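Structure first, then comments.
We're numbering straight along the sequence, starting at 1. Remember, it's a predicted structure, so these values are computed and weren't measured experimentally.
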Amino acid sequence: MRVGLVQLTVSDDPVANLTGTLALVREAAAGGAGFVLTPECTNALSSSRDHQWAVFHHEAADPSLAALRAEAKALGIWLLIGSLGLKTDDVDGRFANRSFLIGPDGAVAARYDKIHMFDVTVSEVESYRESAGYRPGARAVVVETPFGQVGMTVCYDVRFPYLYRALAQAGAQIITVPSAFNHITGVAHWEVLLRARAIETGCFVLAPAQTGFHPESAGKGRRTHGHSLVIAPWGEVLADAGEETGVTFADLDLSRVATARGRVPSLTHDRRFTGP
């Protein structure tokens with residue numbers, strides 16, 4: 001299976017962002033990718049809750065989702081929409097950060113709502129409270145496809161190894177980590193975290209990312225790290241997109257999953273313990 005990771009620099013305008021995303025999805029399919037992946041926040045990045053309320057939609061009415069589903073069908077590809085910001089019916093008005101796996105028939109094969117919220121202070125002048133605007137998900141997802149079992153995660157989830165172990169033990173051979181990874185933590189932690197999750201699980205890890213500076217109509221905007229990565233089950237970096245927008249390709253051989261797990265079968269070595 002050839003995969004194509006789409007690296008984006010979105011603004012806070014979903015309409016404008018969709019044009020560029022569709023062009024890169026088509027480029028990935030033209031390059032032979034049967035599985036194309038976009039990053040977290042594919043429709044928009046915004047720090048303004050008021051702006052998000054103005055431009056986000058409920059899932060059933062979301063134009064980005066509808067257009068990307070139609071494109072997956074037209075191209076005959078599997079498409080991971082890394083995530084979309086969506087309105088929910090929650091009484092507190094919080095949004096969902098939802099990842100979609102779309103089949104070549106255009107149907108939604110699986111949904112995953114990001115479980116772990118990015119509530120951090122990365123520097124004296126930069127902090128985030130994702131949980132203030134987004135409600136966390138509560139269900140891990142593994143979905144069967146013709147090319148393998150896919151476990152779905154999003155960005156900050158990568159810091160919680162127990163989720164990845166659970167996905168692998170539930171059958172995942174490929175784990176997706178679409179991200180809009182912070183430019184400060186990205187330099188220090190992005191690659192090492194992804195390689196660790198691949199090594200611990202014996203899975204391929206596919207991590208399409210946002211990159212560069214993301215302008216906002218109101219506010220300062222933000223920067224993301226880029227470097228979309230494909231990691232093999234033994235921990236090797238198979239592809240690194242650098243910091244430019246575009247498509248990065250890699251070819252997956254799922255026999256490498258069984259080989260890695262056969263060499264170090266740690267997924268079968270759990271032991272109960274007491275303490276601390």
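- In this structure, CZ in Phe204 is found 11.0 Å from OG1 in Thr201, a value given to the nearest 0.5 Å.
- Tested against Leu194, the residues Val237, Leu206, Ile231 include a single side-chain contact (heavy atoms from CB on, under 4.5 Å) partner, Ile231.
- Between the Trp190 side chain and the His227 main chain, a donor and an acceptor come within less than 3.5 Å of each other.
- A donor and an acceptor atom, one from each side chain of Asp253 and Ser255, are located under 3.5 Å apart.
- Judged by distance alone, the side chain of Asn17 and the main-chain N or O of Asn43 form a donor-acceptor pair under 3.5 Å.
- Each of Thr38, Leu18, Ile102 was scored for a side-chain contact (heavy atoms from CB on, under 4.5 Å) with Leu68, with one residue passing: Leu18.
- Checked for salt-bridge contact, Arg223 and Glu126 miss the test: no charged N lies under 4.0 Å from a carboxylate O.
- For the pairing with Ser228, the side-chain hydrogen bond (donor to acceptor under 3.5 Å, both in side chains) check across Glu243, Gln210, Gln7 returns one residue only, Gln7.
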Worksheet entry | Residue pair Arg49, Tyr134: steps toward the side chain to side chain contact (heavy atoms under 4.5 Å, CB included) verdict | CA-CA 10 Å; Arg49 303 307 174 201; Tyr134 291 84; 3.5 Å; yes
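- Centroid-to-centroid, the aromatic rings of Tyr164 and His116 stay 6.0 Å apart or farther.
- The shortest non-hydrogen separation linking Asp89 to His58 is OD1-NE2, 3.2 Å.
- Looking at heavy atoms from C-beta onward, Arg256 lies in side-chain contact with Leu238 at the 4.5 angstrom threshold.
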Distance-only criterion, 3.5 Å: show the donor-acceptor pairs between side-chain atoms of residues 173-181 and protein atoms not counting sequence neighbours.
unit_1	atom_1	unit_2	atom_2	d
Gln173	OE1	Gln149	N	2.9
Thr176	OG1	Gly151	O	3.4
Ser179	OG	Val177	O	2.9

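- Note that the CD atom of Glu59 and the CZ atom of Arg111 stand 4.0 Å from one another [nearest 0.5 Å].
- One hydrophobic cluster, built from ILVMFWY side chains closer than 4.5 Å, holds both Leu101 and Leu254.
- Of all heavy-atom pairs spanning Val143 and Ala109, the tightest one is CG2-O, 4.0 Å.
- In this structure, Tyr112 is a member of the same hydrophobic cluster as Tyr162, with clusters built from ILVMFWY side-chain heavy atoms closer than 4.5 Å.
- Using a 4.5 Å heavy-atom cutoff, the side chains of Val55 and Asp12 are not in contact.
- Closest approach of Val6 to Pro208, counting heavy atoms only: O-CB, 3.9 Å.
- To the nearest 0.5 Å, atom CD1 of residue Ile184 and atom OG1 of residue Thr224 are 12.0 Å apart.
- With hydrogens and angles disregarded, a donor-acceptor distance shorter than 3.5 Å links the side chain of Ser99 to the backbone of Gly82.
- Under the 4.0 Å criterion applied to side-chain N and carboxylate O atoms, Arg135 and Asp113 are assigned as salt-bridge partners.
- In this structure, the side chain of His51 does not engage the main chain of Ser217 through any donor-acceptor pair within 3.5 Å.
- In this structure, CG in Asn182 is found 10.5 Å from NE2 in His189, a value given to the nearest 0.5 Å.
- With hydrogens and angles disregarded, no donor-acceptor distance shorter than 3.5 Å links the side chain of Thr88 to the backbone of Phe95.
- Between Leu24 and Val247, the shortest heavy-atom distance links the atoms O-CG2, 3.4 Å.
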Worksheet item: How far apart are the C-alpha atoms of His183 and Val187, what are their side-chain angles, what is the distance that settles it, and do they pass the side chain to side chain contact (heavy atoms under 4.5 Å, CB included) test?
Response: CA-CA 6 Å; His183 67 112; Val187 171; over 6 Å; no
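- Atom CD of Gln169 sits in a crowded spot, with more than 12 heavy atoms from other residues, nucleotides or ligands closer than 6.0 Å.
- Atom CD of Glu244 sits in a sparse spot, with 12 or fewer heavy atoms from other residues, nucleotides or ligands closer than 6.0 Å.
- Connection of Leu45 to Leu37 is not established within any shared hydrophobic cluster, with ILVMFWY side chains joined at heavy-atom distances below 4.5 Å, either directly or through further cluster members.
- Salt bridge absent: Arg165 and Glu200 never bring a charged side-chain N and a carboxylate O closer than 4.0 Å.
- A side-chain donor-acceptor contact under 3.5 Å links His214 to the backbone of Val10.
- One N or O on the side chain of Gln52 and one on the backbone of Ser46 form a donor-acceptor pair closer than 3.5 Å.
- Using modelled atom types and a 3.5 Å distance limit, the side chains of Glu216 and Ser48 yield no donor-acceptor pair.
- Of the possible polar contacts, one joining the Thr9 side chain to the Thr211 backbone as a donor-acceptor pair under 3.5 Å is found.
- Side-chain atoms of Arg222 and Ser47, non-hydrogen and from C-beta on, do get closer than 4.5 Å to each other.
- Phe249 and Trp78 fall into different hydrophobic clusters, defined by Ile, Leu, Val, Met, Phe, Trp and Tyr side-chain heavy atoms under 4.5 Å apart, directly or through other members.
- Taking the six-membered ring for Trp and thresholds of 30 and 60 degrees, Phe147 and Phe35 have ring planes inclined between 30 and 60 degrees apart.
- In this structure, Leu229 CG and Arg195 CZ are separated by 10.0 Å, a value rounded to the nearest 0.5 Å.
- Rounding to the nearest 0.5 Å gives a distance of 14.0 Å between CG of Asn97 and OH of Tyr156.
- For Ser127 against Thr121, the heavy-atom pair with the smallest separation is CB-OG1, 3.8 Å.
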Practice prompt. Kindly indicate, with the supporting measurements, whether the criterion side chain to side chain contact (heavy atoms under 4.5 Å, CB included) is fulfilled by Thr268 and Arg261.
Written response: CA-CA 9 Å; Thr268 66; Arg261 292 177 180 177; over 6 Å; no
Discussion item. Using the rule given for side chain to side chain contact (heavy atoms under 4.5 Å, CB included), can you reason through Leu84 versus Arg98, listing the C-alpha separation, both sets of side-chain angles and the distance that settles it, and then say yes or no?
Written reply: CA-CA 5 Å; Leu84 301 174; Arg98 183 168 298 157; 5.7 Å; no
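- Counting only heavy atoms from C-beta outward, the side chains of Trp234 and Val264 approach each other to under 4.5 Å.
- Here the side chain of Asp119 pairs a donor or acceptor atom with the backbone of Ser131 at under 3.5 angstrom.
- Salt-bridge formation is detected for the pair Asp251/Arg2: a Lys NZ or Arg NE/NH1/NH2 atom is positioned less than 4.0 Å from an Asp or Glu carboxylate oxygen.
- Crowding of Lys87 atom NZ: a count of heavy atoms from other residues, nucleotides or ligands under 6.0 Å exceeding 12.
- A continuous path of Ile, Leu, Val, Met, Phe, Trp and Tyr side chains, each step under 4.5 Å between heavy atoms, connects Val108 with Ile77, placing both in one hydrophobic cluster.
- Contact detail for Gly106 and Arg69: the closest heavy-atom pair is O-NE, 2.7 Å.
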